[in-house]
Colleague: 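Quick one: the structure is below, questions incoming.
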2 protein chains.
Amino acid sequence: MIQVQAQETDLQGAFRALSDPSRRQILLHLSRREMTIGEVAAHFQMTRAAVKKHLTVLEEGRLISVHVRGRERVNRIEPAGLAPVADWLAYFDRFWDQRLDALKDAVETDPR
Amino acid sequence: MIQVQAQETDLQGAFRALSDPSRRQILLHLSRREMTIGEVAAHFQMTRAAVKKHLTVLEEGRLISVHVRGRERVNRIEPAGLAPVADWLAYFDRFWDQRLDALKDAVETDPR
DNA sequence: TTGACATGATACCTTTTGGTATTATAAAAA
DNA sequence: TTTTTATAATACCAAAAGGTATCATGTCAA
């Protein structure tokens with residue numbers, strides 16, 4: 001039960017983090033290389049403070065990890081954090097398939 | 001360019017719709033069978049009006065379609081609407097793999 | 001040590017969001 | 001036709017979200 005709740009939390013945190021375009025953009029940047037807050041902010045027009053807030057949300061969603069290096073904070077993507085989201089989506093694959101199967105059946109048994 | 005924008009719109013609409021737990025729950029209900037607003041609302045404590053707002057957001061994200069049947073409105077899941085989200089996630093699969101490959105290499109070339 | 005610099009922390013503002021309550025419509029049923 | 005009933009539409013509210021500005025802090029470098 002505790003695990004279930006933790007999973008739901010991860011799921012919500014991840015979905016929440018992904019719901020903002022700027023945060024998805026940040027993830028794409030970080031997929032190229034890990035970056036400090038300043039480096040990430042250089043790609044946007046908003047202030048460093050705003051970028052930092054987005055990074056916090058991404059960290060809460062476990063989509064990135066933050067590593068202190070001297071006075072810098074290096075942000076690194078954590079692809080594993082996307083797993084709960086991918087898993088949730090996977091549930092609906094069967095409806096995809098189901099619909100495709102129904103279509104296939106309809107074609108094969110078409111009485112024309 | 002128009003297509004790109006349309007895709008981005010779809011992506012944002014879908015991610016937006018999925019960011020709320022109630023809306024994800026609604027999708028799960030609708031994956032069992034199509035339902036009217038009232039039927040969906042019966043599964044929740046919030047008012048019909050609130051459920052209807054959620055359904056509107058889901059429709060805007062193209063995750064459901066709505067079909068008028070007399071004075072009822074039947075809500076049907078549209079699994080295809082999840083495709084943009086799945087595609088977006090798929091981009092990160094390579095980083096997943098990359099990291100696994102790096103781990104594999106590290107193990108295989110371990111000088112111990 | 002001192003100054004520059006990367007970041008943290010707060011406070012504040014505006015817009016969006018998730019929700020309720022209320023009233024209006026339109027279709028189905030009595 | 002009258003009355004339910006399923007939904008639409010609107011107004012409203014509190015909280016959250018996304019953003020800025022400002023000031024504090026800790027670290028690097030001269």
Side-chain angles (χ1 to χ4, degrees), chain A residues 8-30 33-77 81 85, chain B residues 8-30 33-77 81 85:
Chain A
E8 172 54 31
T9 298
D10 278 0
L11 188 63
Q12 176 53 22
F15 267 123
R16 213 267 266 192
L18 293 176
S19 69
D20 183 271
S22 298
R23 286 194 288 266
R24 291 197 304 275
Q25 204 62 40
I26 290 175
L27 280 185
L28 288 177
H29 285 307
L30 292 180
R33 60 182 178 80
E34 52 186 40
M35 296 165 71
T36 65
I37 296 179
E39 287 173 328
V40 174
H43 292 89
F44 294 88
Q45 291 198 312
M46 61 185 128
T47 62
R48 268 190 201 81
V51 169
K52 201 264 188 172
K53 280 194 182 180
H54 283 311
L55 289 168
T56 299
V57 174
L58 286 167
E59 190 183 8
E60 286 170 353
R62 306 195 193 283
L63 300 183
I64 68 170
S65 58
V66 184
H67 307 269
V68 176
R69 191 174 63 192
R71 62 179 159 179
E72 296 177 334
R73 286 165 65 90
V74 179
N75 300 276
R76 179 187 306 158
I77 195 170
V85 175
Chain B
E8 171 56 31
T9 297
D10 279 358
L11 187 64
Q12 177 53 23
F15 266 123
R16 213 270 262 192
L18 293 177
S19 70
D20 182 271
S22 299
R23 286 195 289 266
R24 291 197 303 274
Q25 204 62 38
I26 290 175
L27 280 185
L28 288 176
H29 286 306
L30 292 180
R33 59 182 180 82
E34 52 186 40
M35 298 166 72
T36 65
I37 296 179
E39 288 172 328
V40 174
H43 292 88
F44 294 89
Q45 292 198 313
M46 62 185 128
T47 63
R48 267 190 200 80
V51 169
K52 200 264 189 173
K53 280 193 183 182
H54 284 309
L55 289 169
T56 299
V57 174
L58 286 167
E59 189 183 9
E60 287 170 352
R62 308 194 192 284
L63 300 183
I64 68 170
S65 57
V66 183
H67 307 269
V68 175
R69 191 174 65 192
R71 65 179 158 177
E72 297 178 333
R73 285 165 66 88
V74 179
N75 300 276
R76 178 187 306 157
I77 194 169
V85 175

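Note on naming: letters A, B, ... go to the chains in the order of the sequence lines (proteins, then strands), and numbering restarts at 1 for each one.
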Colleague: What pair of heavy atoms forms the shortest contact from A/R23 to A/A17, and how long is it?
Modeller: NE-O, 2.8 Å
Colleague: Taking only the side-chain heavy atoms of A/S22 (C-beta and beyond), determine which of C/dA9, C/dG18, D/dG19 contains the nearest atom.
Modeller: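 Nearest nucleotide to the side chain: D/dG19.
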Colleague: Is there a side chain to side chain contact (heavy atoms under 4.5 Å, CB included) between A/V40 and A/H29? Walk through the geometry before answering.
Modeller: CA-CA 7 Å; A/V40 174; A/H29 285 307; 5.6 Å; no
Colleague: For residues 66-75 of chain B, which residue pairs qualify under side-chain hydrogen bond (donor to acceptor under 3.5 Å, both in side chains), counting only residues two or more places apart or in two chains?
Modeller: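 Qualifying pairs: B/S65-B/H67, B/H67-B/R76, B/R69-B/E72.
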Colleague: With a 4.0 Å cutoff (strictly under), does any side-chain N or O of A/H54 reach OP1 or OP2 of D/dG19?
Modeller: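 Yes, within the criterion.
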Colleague: Are any of B/R48's side-chain N or O atoms less than 4.0 Å away from OP1 or OP2 of D/dA8?
Modeller: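 No, because none of the side-chain N or O atoms of B/R48 sits under 4.0 Å from OP1 or OP2 of D/dA8.
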Colleague: Show the nearest heavy-atom pair for residues B/S19 and A/F15, with the distance to one decimal.
Modeller: CB-O, 4.0 Å
Colleague: Between B/G38 and B/R48, which heavy-atom pair has the shortest distance, and what is it?
Modeller: CA-NE, 4.0 Å
Colleague: Using whole Å, what does the distance between atom C1' of nucleotide D/dG18 and atom CD of A/Q45 come to?
Modeller: 15 Å
Colleague: Would you mind reading off the distance between B/L55 atom CG and D/dA6 atom C1', rounded to a whole angstrom?
Modeller: 14 Å
Colleague: A/I37 has a side chain; which of C/dG8, C/dA21, D/dA8 sits nearest to it?
Modeller: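 Nearest to the side-chain atoms of A/I37, counting from C-beta on, is C/dG8.
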Colleague: Roughly, in whole Å, what's the span from CG in B/L58 to P in C/dG18?
Modeller: 11 Å
Colleague: Do side-chain atoms of A/Q12 reach the backbone of B/D20 as a donor and acceptor pair under 3.5 angstrom?
Modeller: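 It does not hold such a pair.
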Colleague: What is the per-nucleotide protein-contact pattern of nucleotides 22-30 of chain D, from the 5' end, where B denotes a base atom under 4.0 Å from a protein heavy atom, S denotes such proximity for sugar-phosphate atoms only, and - denotes neither?
Modeller: -----BS--
Colleague: When you look at B/L30 and B/L63, which way does the side chain to side chain contact (heavy atoms under 4.5 Å, CB included) test go after all the steps?
Modeller: CA-CA 10 Å; B/L30 292 180; B/L63 300 183; over 6 Å; no
Colleague: How long is the line joining CD of B/E59 and P of D/dT7, in whole Å?
Modeller: 14 Å
Colleague: May I ask you to evaluate whether A/T47 reaches the phosphate of D/dA21, defined as a side-chain N or O under 4.0 Å from OP1 or OP2?
Modeller: no
Colleague: What heavy-atom pair brings A/H43 and A/E39 nearest, and what distance separates the two atoms?
Modeller: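 Shortest heavy-atom separation between A/H43 and A/E39 comes out as ND1-O, 3.1 Å.
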Colleague: A/D20 has a side chain; which of D/dG18, C/dG18, D/dT7 sits nearest to it?
Modeller: D/dG18
Colleague: Give me the atom names and distance for the closest heavy-atom approach of A/V85 to A/A14.
Modeller: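 Nearest pair, atom of A/V85 first, then A/A14: CG2-CB, 3.6 Å.
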Colleague: Roughly how many Å is it from CG in B/N75 to P in D/dA8, rounded to a whole number?
Modeller: 9 Å
Colleague: Could you work out which one of D/dT20, C/dG19, D/dA8 sits closest to the side chain of B/R73?
Modeller: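 Of the options given, the side chain of B/R73 lies nearest D/dA8.
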Colleague: Let me know, please, whether B/V66 or A/M46 comes out on the 5' side of the other along DNA chain D by nearest nucleotide.
Modeller: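 Of the two residues, B/V66 wins.
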Colleague: Could you state the CD-C1' distance from A/E72 to C/dC5, rounded to the nearest angstrom?
Modeller: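 Roughly 10 Å, once rounded to whole Å.
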Colleague: State, with a plain yes or no, whether a side-chain heavy atom of B/F44 is found less than 4.5 Å away from one of B/H54.
Modeller: no
Colleague: Rounded to whole angstrom units, what separation is found between the CG atom of A/L18 and the C1' atom of D/dA17?
Modeller: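 Result: 16 Å.
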Colleague: Using a cut-off of 4.0 Å between protein heavy atoms and nucleotide atoms, how would you tag nucleotides 11-16 of chain C 5' to 3' with B, S and -?
Modeller: ------
